[in-house]
Asker: 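I'd like to ask some things about the structure below.
As a basis for the values below, the full set of heavy atoms in this structure was taken, side chains included, without hydrogen atoms, waters or symmetry mates.
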Amino acid sequence: PINNMRVPGNLNIVGTCVDDDGISEVWLVLDGGDPVKAEGRAFWSYYLDTNNLEEGPHTIEVWGVDINGLSSQDKPKKKAFVTWNLDRRQPITEVTNHALGELVSGKITLEGTVSDGNGIKALYYSLDNGETYSLTKIKEDKKNGNWTFELPIDTRLDKDGPEILWFKAIDKMGSVGVSSYLYFVDNTKPD
């Protein structure tokens, strides 16, 4: 991968390694872990299964060993480093202060969280079944590793009955997550 590249799945890491004497082997380290040997020499590759990796930035460090056993591992200018971003999942939006399907009336404020391993760029909401979306403010909650929102809703503008609020969250890598929140409006007093 190239620096800051978005990777949505498994990754085949490929590269080249050159030395005037010839290359014996190439080694990689992912996120400071244990070294693993790549397949090939001058043209090498390593297949990385990302299913168990967390979303967000990851670093690859690569060095070569020539046919005489000389390694570029201890020579920072001769090693390759790249940081890329794993983005397998879409952002998740949840309302936290009202239960799904709750009966509401009057003016309410929906509070909730938006989470994604790559951070959240923006959160939009729609009150017309996704025809139009409006931007809402979000705040990063570094303690819990997510973003929070407060969305005022005036249910008096709706008819009594079920309403669906749509959310569209966009993470910092460009992935879009759409979710919905169902609530029931009850502003009419019984006769």
Asker: Around atom CD of Glu39, are there more than 12 heavy atoms of other residues, nucleotides or ligands at under 6.0 Å?
Answerer: no
Asker: Between Phe149 and Phe167 (judged by ring centroids, cut-off 6.0 Å), do the two rings come close enough to count as a pair?
Answerer: yes
Asker: Look only at the side chain of Asp66 and the backbone of Asn68, and say whether a donor-acceptor pair between them is shorter than 3.5 Å.
Answerer: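 Answer holds: yes.
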Asker: For Val65, is there any backbone N or O sitting under 3.5 Å from a side-chain donor or acceptor partner on Ser71?
Answerer: no
Asker: If Ile, Leu, Val, Met, Phe, Trp and Tyr residues are connected whenever their side-chain heavy atoms lie under 4.5 Å apart, and connections chain through other members, are Val114 and Leu110 in the same group?
Answerer: yes
Asker: Go through it in stages, so that I can follow the logic: the residues are Asp141 and Lys143, the test is salt bridge (Lys or Arg N to Asp or Glu O under 4.0 Å), and I'd like the CA-CA distance, side-chain angles, deciding distance and then a yes or no.
Answerer: CA-CA 5 Å; Asp141 182 354; Lys143 179 181 174 186; over 6 Å; no
Asker: Determine the minimum heavy-atom distance between Arg41 and Ile23, stating which atoms define it.
Answerer: CD-O, 3.0 Å
Asker: For Trp27 and Glu25, does a side-chain donor sit closer than 3.5 Å to a side-chain acceptor?
Answerer: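 Per modelled atom types, Trp27 and Glu25 side chains form a pair under 3.5 Å.
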Asker: Of all heavy-atom pairs between Asp154 and Arg156, which one has the smallest distance, and what is that distance?
Answerer: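 For Asp154 and Arg156, the tightest heavy-atom pair comes out as OD1-NE, 2.9 Å.
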Asker: Could you report the tightest heavy-atom contact between Pro57 and Thr83, atom names first, then the distance?
Answerer: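 Closest approach of Pro57 to Thr83: CB-CG2, 4.1 Å.
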Asker: Apply side chain to side chain donor-acceptor pair (under 3.5 Å) to the pair Asn187 and Thr155, showing each step before the final yes or no.
Answerer: CA-CA 8 Å; Asn187 287 314; Thr155 68; 3.2 Å; yes
Asker: When you measure from the side chain of Asn10 to the backbone N and O of Tyr47, does any donor-acceptor pair fall under 3.5 Å?
Answerer: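 Between the backbone of Tyr47 and the side chain of Asn10 there is no qualifying donor-acceptor contact (under 3.5 Å).
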Asker: For Val178, does its backbone N or O pair with a side-chain atom of Lys168 as donor and acceptor, under 3.5 Å?
Answerer: no
Asker: Measure from the side-chain N and O atoms of Asn85 to the backbone N and O of Val7, and report whether any donor-acceptor pair falls under 3.5 Å.
Answerer: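 Absent.
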Asker: Looking at Val29 and Pro35, what are the two nearest heavy atoms and their distance?
Answerer: CG2-CA, 3.8 Å
Asker: Are more than 12 heavy atoms, taken from residues, nucleotides or ligands other than Ile92, located less than 6.0 Å from that residue's CD1 atom?
Answerer: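 Not buried by this count: 12 neighbours or fewer within 6.0 Å.
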Asker: Assess, by modelled atom type and distance only, whether the side chains of Arg88 and Asn51 contain a donor and an acceptor separated by less than 3.5 Å.
Answerer: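 Yes, side-chain donor-acceptor contact under 3.5 Å.
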